[in-house]
Amino acid sequence: MFGIIFANLSMGSVLSKELKIYEMYKLLYETYGPQGWWPFLESGYDKGNYRFSKTSDEIFEVALGTILTQNTTFKSVVKSLQNLKALDALNPASIKELSLESLKLAIKPSGYYNQKAKYILEFISFYESLEGSVPSRDELLSVLGIGEESADSILLYGYNQSEFEIDAYTKRVLLELGLIDERAKYKEMKELMQKSLEEFIKDEKQRVIVFQEYHALIVNHSKDFYSKKPYGVGCMLKERFSC
DNA sequence: TTCCAGGCAATAC
DNA sequence: GTATTGCATGGA
């Protein structure tokens, strides 16, 4: 059985797109291990130990981190989250009590602090209106500052919904491997990832875990191989699975 | 100095 | 609906 798989791996072009995407995940996971992204600060997230019940504040932290992370390095986001934690303001009510200037100062390391402060306050208002219920994707998208990727990030990591998150790195990888063309939109890439993984992973919870890890693994891998042009130089995925 | 980072909204065709 | 631009700090 392994022999067959390895024989196929050495000939990326004979694998279906769907199988490639599944095999890519396995290789990334074997290489880098579990990433365990969220929640980050609170409750000391235990990598590889998946909890499907998050507290309201943990879900909020995911959303907060998601907004802060937009077009910024995660390292900068950690600083901002730590600043907020030092103000004891990692929850909606406490953030609302901060002055606007204090909020901006706390999140300044993450950049775009004027916009993001506004986005955070908009999200808090929305989040409180939910009263604990799970928002739909469209409801999330209606919030200022929440686009497609952020909506999926909040649903996937905050609410453990099976929504795959696509980011700029994912597109670069898929493009470099010939799995999509340049014009591919978010929806098309998302469906490709989801449908491919649905073929091989039938268990819903397992799939959520894989979606969470897969996106994180792509980001982790891409920091090394898809940040500077030309993209994909030395990328093991490209070597094994490229068309 | 220049380039890039775990995007998004507003605006212009 | 597609393309362009502003948003901003911090690190390589």
Side-chain angles (χ1 to χ4, degrees), chain A residues 25 28-29 32-41 45 47 61-84 100-126 137-158 163-176 180-190 193 210-233 235 237:
Chain A
Y25 170 72
L28 286 170
Y29 191 88
Y32 302 109
Q35 302 298 297
W37 266 11
W38 300 107
F40 180 74
L41 279 187
Y45 193 80
K47 290 185 182 183
E61 190 199 305
V62 174
L64 186 58
T66 296
I67 291 168
L68 290 174
T69 305
Q70 293 168 356
N71 207 34
T72 307
T73 56
F74 187 66
K75 208 170 184 179
S76 302
V77 175
V78 172
K79 278 185 192 166
S80 297
L81 290 176
Q82 284 171 339
N83 287 343
L84 288 172
L100 184 57
E101 289 313 307
S102 303
L103 175 58
K104 287 181 178 177
L105 187 61
I107 66 172
K108 199 166 185 177
S110 305
Y112 308 140
Y113 58 89
N114 289 302
Q115 285 188 351
K116 286 178 179 177
K118 187 175 180 182
Y119 293 169
I120 288 166
L121 293 173
E122 292 273 343
F123 184 82
I124 287 174
S125 155
F126 167 77
R137 191 169 188 273
D138 282 341
E139 286 172 335
L140 282 166
L141 288 173
S142 75
V143 180
L144 190 71
I146 308 297
E148 293 201 279
E149 184 182 344
S150 295
D152 287 331
S153 172
I154 293 165
L155 289 171
L156 178 61
Y157 294 101
E163 305 283 348
F164 201 93
E165 179 180 351
I166 303 294
D167 73 318
Y169 283 141
T170 309
K171 180 168 187 176
R172 286 178 196 171
V173 172
L174 293 177
L175 188 60
E176 195 60 36
I180 58 165
D181 67 281
E182 178 63 53
R183 314 175 307 158
K185 299 273 187 249
Y186 189 96
K187 185 179 178 187
E188 181 189 337
M189 295 185 282
K190 179 178 174 179
M193 298 305 287
V210 169
F211 284 11
Q212 291 179 344
E213 292 295 348
Y214 203 161
H215 170 72
L217 285 163
I218 287 171
V219 171
N220 185 59
H221 177 70
S222 298
K223 282 175 180 171
D224 289 334
F225 300 101
Y226 291 87
S227 284
K228 56 176 189 288
K229 294 181 178 180
Y231 297 139
V233 177
C235 168
L237 301 176

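All values below were derived from every heavy atom in this structure, side-chain atoms included, with hydrogens, water molecules and symmetry-related copies excluded. Just so you know, these numbers come straight off a predicted model, no measurement behind them. In what follows, chains carry the letters A, B, and so on, assigned in the order in which the sequence lines appear, proteins first and then strands, with residues in each chain numbered from 1.
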*Asks:* For DNA chain B, whose closest nucleotide is more 5', that of A:Lys223 or that of A:Tyr119?
*Replies:*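 Result of the comparison: A:Lys223.
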*Asks:* With respect to the phosphate group of B:dA5, does any side-chain polar atom (N or O) of A:Tyr169 fall under 4.0 Å of OP1 or OP2?
*Replies:*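 Answer is yes, contact under 4.0 Å.
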*Asks:* What contact category does A:Ser153 fall into here, base, sugar-phosphate, or nothing, at under 4.0 angstrom with non-hydrogen atoms?
*Replies:* nothing
*Asks:* Return no unless some side-chain N or O of A:Thr69 is found under 4.0 Å from OP1 or OP2 of B:dA5.
*Replies:*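 Answer no for this pair, as no side-chain N or O of A:Thr69 is under 4.0 Å from OP1 or OP2.
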*Asks:* Should the pair A:Tyr226 and A:His221 be assigned to parallel (<30°), tilted (30 to 60°) or perpendicular (>60°) ring geometry?
*Replies:* tilted
*Asks:* To the nearest Å, how far apart are A:Asp167 CG and B:dC8 P?
*Replies:* 10 Å
*Asks:* Students often get this wrong, so: under 4.0 angstrom with heavy atoms, is A:Ile146 touching a base, only sugar-phosphate, or nothing?
*Replies:* sugar-phosphate
*Asks:* Roughly how many Å is it from CD1 in A:Ile67 to P in B:dA9, rounded to a whole number?
*Replies:*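 Rounded to whole Å, this separation is 10 Å.
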*Asks:* For A:Leu144 and for A:Thr72, find the nucleotide of DNA chain B with the closest heavy atom, then tell me which residue's nucleotide is more 5'.
*Replies:* A:Thr72
*Asks:* Taking side chain to side chain contact (heavy atoms under 4.5 Å, CB included) as the criterion, tell me which of A:Asn220, A:Val62, A:Val219 meets it with A:Trp37.
*Replies:* A:Val219
*Asks:* What's the closest nucleotide to the A:Tyr112 side chain, out of C:dG10, C:dT2, B:dG7?
*Replies:* B:dG7
*Asks:* What integer distance in Å separates A:Tyr186:OH from C:dA3:C1'?
*Replies:*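 So the OH-C1' distance, A:Tyr186 to C:dA3, works out to 20 Å.
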*Asks:* Mind checking if A:Asn220 touches a base, just sugar-phosphate, or nothing, with heavy atoms under 4.0 Å?
*Replies:*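 No contact.
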*Asks:* For A:Ile107, does its backbone N or O pair with a side-chain atom of A:Lys116 as donor and acceptor, under 3.5 Å?
*Replies:*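 No.
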*Asks:* Can you confirm whether the side chains of A:Ser80 and A:Asn83 place a donor and an acceptor under 3.5 Å from each other?
*Replies:*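 Side-chain D/A pair, A:Ser80 to A:Asn83: absent.
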*Asks:* What interatomic distance, in whole Å, is found between P of C:dA12 and the corresponding atom of B:dG6?
*Replies:* 13 Å
*Asks:* Classify the nucleic acid contact of A:Gln115 as base, sugar-phosphate or nothing, counting any heavy atom under 4.0 Å across all strands shown.
*Replies:*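 Base, at least one base atom sits under 4.0 Å.
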*Asks:* Quick one: label A:Ser227 by what it contacts on the DNA or RNA (base, sugar-phosphate, nothing), any heavy atom closer than 4.0 Å.
*Replies:* sugar-phosphate
*Asks:* Could you walk me through whether A:Tyr25 and A:Tyr214 pass the ring pair (Phe, Tyr, Trp, His ring centres under 6.0 Å) check?
*Replies:* CA-CA 6 Å; A:Tyr25 170 72; A:Tyr214 203 161; 5.2 Å; yes
*Asks:* Ignoring backbone atoms, establish whether A:Arg172 has a side-chain N or O less than 4.0 Å from OP1 or OP2 of B:dA5.
*Replies:* yes
*Asks:* For the P atoms, the ones on B:dT1 and on C:dT9, what distance do you get once it is rounded to whole angstrom?
*Replies:* 16 Å
*Asks:* Could you check whether A:Lys79 gets within reach of a base, just the sugar-phosphate, or nothing at all, counting any heavy atom under 4.0 Å?
*Replies:* sugar-phosphate
*Asks:* Quick one: A:Glu182 CD to C:dT2 P, roughly how many Å, whole number?
*Replies:* 14 Å
*Asks:* I need the NZ-P distance between A:Lys171 and B:dA5, as an integer number of Å.
*Replies:* 14 Å
*Asks:* Report which part of the nucleic acid A:Lys185 touches: base, sugar-phosphate, or nothing (heavy-atom distance under 4.0 Å, all strands).
*Replies:* sugar-phosphate
*Asks:* Measure from CG on A:Leu64 to C1' on B:dG6 and round the result to the nearest Å.
*Replies:* 15 Å
*Asks:* Roughly how many Å is it from CG in A:Asp224 to P in B:dC4, rounded to a whole number?
*Replies:*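 After rounding, the reported distance stands at 16 Å.
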*Asks:* Distance between the P atoms of B:dT11 and C:dA8, in whole angstroms?
*Replies:* 15 Å
*Asks:* Would you kindly give the OH-to-P distance between A:Tyr231 and B:dC3, to the nearest whole Å?
*Replies:* 12 Å
*Asks:* With a cut-off of 6.0 Å (strictly less than), are more than 12 heavy atoms of other residues, nucleotides or ligands near NZ of A:Lys118?
*Replies:* no
*Asks:* Under the criteria of a ring-centre distance below 5.5 Å and an interplanar angle below 30°, is A:Phe74 stacked with the base of B:dG6?
*Replies:* yes
